[in-house]
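Below: the structure, in C-alpha cells.
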Amino acid sequence: MENKNPLDNKKFGLDFLKGLIAVTLGVILVILSHKVILWMICFLVGLVLIYAGLVMLGLGKVVGFVDSTIAKIRKLLSL
C-alpha cells in the first residue's frame, strides 16, 4: 500500500501550509470581529421582530411598503 503523506509532495505540502495559514488567519479575524457579528445578529433579529409586530398589528399599508422596499433592494442587488 502506498504512503499518502501530504508532506511527501513538495507542491502539495506548500498548498497544505498555505491552507493552514489561511484557516488560522480566518479564525483570528472571526475572533477579533465576534462583537460586530453578534451586533449584526441582534440587529437582524430586531428587524424581523419589528416586521412580525407590524404584521400582527394588521398594519397592511406599512407592511406593503416594507415588502415593496425590500423587493426594490433585491432588484438593485441582482444587477
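Remember, predicted model here, so these are calculated numbers, not experimental data.
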Side-chain atoms of residues 33-47: list all donor-acceptor pairs with protein atoms under 3.5 Å, sequence neighbours left out, distances to 0.1 Å.
{"unit_1": "S33", "atom_1": "OG", "unit_2": "L29", "atom_2": "O", "d": "2.9"}
{"unit_1": "S33", "atom_1": "OG", "unit_2": "V30", "atom_2": "O", "d": "3.4"}
{"unit_1": "H34", "atom_1": "ND1", "unit_2": "I31", "atom_2": "O", "d": "2.7"}

Which donor-acceptor pairs under 3.5 Å do side chains of residues 60-72 form with protein atoms, sequence neighbours excluded?
{"unit_1": "D67", "atom_1": "OD1", "unit_2": "Y51", "atom_2": "OH", "d": "2.7"}
{"unit_1": "D67", "atom_1": "OD2", "unit_2": "Y51", "atom_2": "OH", "d": "3.3"}
{"unit_1": "S68", "atom_1": "OG", "unit_2": "G64", "atom_2": "O", "d": "3.3"}
{"unit_1": "S68", "atom_1": "OG", "unit_2": "F65", "atom_2": "O", "d": "2.9"}
{"unit_1": "T69", "atom_1": "OG1", "unit_2": "F65", "atom_2": "O", "d": "2.8"}

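When all heavy atoms are compared, the tightest approach of L20 to T24 is O-OG1, 2.7 Å.
Grouping the Ile, Leu, Val, Met, Phe, Trp and Tyr side chains by contacts below 4.5 angstrom, directly or via other members, places L49 apart from L54.
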